[in-house]
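In this text, all values refer to a predicted model and were calculated from it rather than measured experimentally. Counting starts at 1 for both ligands and their atoms, following the listed order. Because only heavy atoms are used, hydrogens play no part in the values below, and waters and symmetry mates are left out as well, while side chains stay in.
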Amino acid sequence: MNALDTQTRIAVVGAGAMGSGIAQVAAQAGHEVFLFDQSAEAVDKGRAGIAKQLQRRVDKGKLDQATADAVVARVLPANQLSKLATAGLVIEAIVENLEIKQKVFAELEDICGEQVILATNTSSLSVTALGSALKRPERLVGMHFFNPAPVMALVEVILGLATDKNLAEQIHATAAAWGKKPVFASSTPGFIVNRVARPFYAESLRLMQEGAGDPATLDALLREAGNFRMGPFELTDLIGQDVNYAVTSSVFAAYYGDFRFQPSLIQKSLVDAGRLGRKSGQGFYAYDEKAERPQASTTASYSSDEKQLVVEGNPGVLSGLVARAAEAGLEIVERDGCGLLRFGRATLALTDGRMATERSVTQGLKDLVLVDLAFDYRQASRLAIAVGEHTDPAATEDALALLQQLGIQVTQISDLPGLVVMRTLAMLANEGADAVLQGVASPADVDLAMQAGLNYPQGPLAWSDRLGDGVVHQVLTHLQASYCEDRYRPSLLLRRNAFAHQGFFQEAAS
Ligand code: NAI
């Protein structure tokens with residue numbers, strides 16, 4: 001299906017943060033854009049904002065003046081809804097209220113021709129419910145941009161129950177022609193991003209609640225081992241604790257209280273205290289001028305005379321760590337076994353979702369040190385470890401010495417199942433897998449959405465594939481057994497893939 005040609009007039013209803021950004025995107029792509037708002041002042045402000053933003057790019061030498069002027073000239077103020085009659089596509093970005101949006105769409109249906117495409121930028125309302133009040137619900141589609149719209153690449157194209165598939169494809173192609181990365185999703189709470197991202201915040205809040213570490217430590221682990229651009233605490237401070245808490249609460253309610261999405265009391269207390277993040281000067285961190293960023297907790301330094309790293313069997317993703325050890329001059333000795341590393345007195349293993357104490361008892365592993373997941377063990381600058389109740393401190397010191405001599409800062413957390421990065425990734429992949437299982441989106445679109453919408457280092461499903469056959473499923477099974485909570489129930493799709501020895505995109509490595 002072809003994109004709308006640039007002769008098609010676009011109308012944007014609502015000239016706030018999102019509407020003016022969307023108008024800018026469409027105008028930059030060459031369309032004439034009507035910008036309407038119930039407040040004429042908002043339209044003026046929106047157009048002035050677009051001009052200012054483009055001028056900034058001209059000043060930096062990224063855009064020539066004539067192009068910027070032409071884009072601004074293509075954004076036309078509209079003082080009445082009836083002025084939008086000639087638009088081929090109307091994108092609504094007004095207040096997030098079902099009845100008000102339905103009323104505006106009903107008016108637009110009467111004003112515009114039968115062939116007009118109506119799109120909503122809603123982030124939390126059902127496109128199906130919005131369409132139910134229309135004469136032609138098949139002409140309504142979700143076009144969910146991310147803030148700021150001119151910068152963020154992702155557009156979720158949302159199909160309500162009645163949405164015409166060809167029309168959705170045309171909107172997908174149009175978003176691509178506008179330089180965006182569109183994905184399809186069916187109209188379900190949170191669509192892709194606002195659903196699949198919930199565990200990124202939830203697991204760290206839970207870990208903090210259970211004493212794994214403070215925000216600075218958990219943020220550092222997710223950045224430096226997980227390669228996420230920001231940790232969950234600094235990110236929610238930026239988003240606003242109230243906004244993030246409201247999204248979680250609305251997704252939790254929309255899924256009828258599914259414990260996967262249960263909001264956090266820690267975050268609630270921040271909201272109750274008015275500690276909303278950067279905008280209020282205090283969230284998990286303080287933002288006044290004098291405030292110093294707390295440091296991540298890092299263990300003391302140790303050294304060892306041990307020169308050999310023994311690798312027993314296939315270490316899976318830990319092979320990156322083995323390669324790093326070889327590059328650092330350690331002798332690698334390979335033996336049969338089940339993927340353990342031995343260094344001095346320490347037995348190191350990748351976390352499988354069980355506590356170190358449980359695993360050392362049930363597997364008969366003495367002096368066990370569990371290692372967290374890293375996005376890339378060859379480059380990680382920080383890693384979490386956890387040890388069992390019976391692990392000899394001398395063995396822990398050997399494990400620390402190994403990792404530290406590879407240039408890795410180590411954070412020892414208490415013995416919690418799944419550690420930090422593994423647990424986060426497993427739960428992100430779990431939610432992505434359920435979205436695929438339930439037909440909300442394809443695996444490729446889930447991953448693209450998480451990368452283009454939130455800058456994740458890799459899509460959670462491709463990352464899960466990279467860990468190998470059944471690894472994420474096993475972590476979740478163990479988390480569920482550890483907590484006896486429905487929150488950690490593994491997606492049926494992960495379970496099926498584990499038994500079929502396959503991944504989302506390829507045969508998983510065994
Ligand atoms: P905003 O508050 O900045 O702007 C909303 C604008 O709509 C205001 O200028 C208001 O005067 C106007 N408006 C309200 N009712 C109207 C009506 N009946 N007719 C015409 N104009 C009306 O809001 P924002 O942040 O731009 O959000 C707009 C929509 O985009 C909402 O549905 C929101 O959920 C969605 N969204 C917001 C994102 C964000 O990060 N802010 C991200 C993605 C979607």
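Using a cutoff of 4.0 Å between basic side-chain nitrogens and carboxylate oxygens, Asp486 and Arg489 are scored as salt-bridged. Electrostatic pairing of Glu234 and Arg293 counts as a salt bridge here, judged by a charged N lying under 4.0 Å from a carboxylate O.
Protein neighbours of ligand 1 below 4.0 Å, counting non-hydrogen atoms: Gly14, Gly16, Ala17, Met18, Phe36, Asp37, Gln38, Ala42, Ala93, Ile94, Val95, Glu96, Ile100, Lys101, Val104, Asn121, Thr122, Ser123, His144, Phe145, Asn147.
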Would you give me the side-chain donor-acceptor pairs under 3.5 Å for residues 15-33, sequence neighbours excluded?
residue: Ser20; atom: OG; partner: Gly16; partner atom: O; Å: 2.6
residue: Gln24; atom: NE2; partner: Gln28; partner atom: OE1; Å: 2.8
residue: Gln24; atom: NE2; partner: Gln53; partner atom: OE1; Å: 2.7
residue: His31; atom: ND1; partner: Thr8; partner atom: O; Å: 2.8
residue: His31; atom: NE2; partner: Trp178; partner atom: NE1; Å: 3.0
residue: Glu32; atom: OE1; partner: Arg9; partner atom: NE; Å: 2.7
residue: Glu32; atom: OE1; partner: Arg9; partner atom: NH2; Å: 3.4

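The cationic group of Arg206 lies under 6.0 Å from the six-membered ring centre of Tyr483 and within 45° of the ring axis, placing it in a cation-pi geometry.
Ser82 is linked by a side-chain hydrogen bond (donor to acceptor under 3.5 Å, both in side chains) to Gln80, counting only residues two or more places apart in sequence or in another chain. Annotation: ring-ring contact (aromatic ring centres under 6.0 Å, His included) contacts of Tyr255 (sequence neighbours excluded): Phe261.
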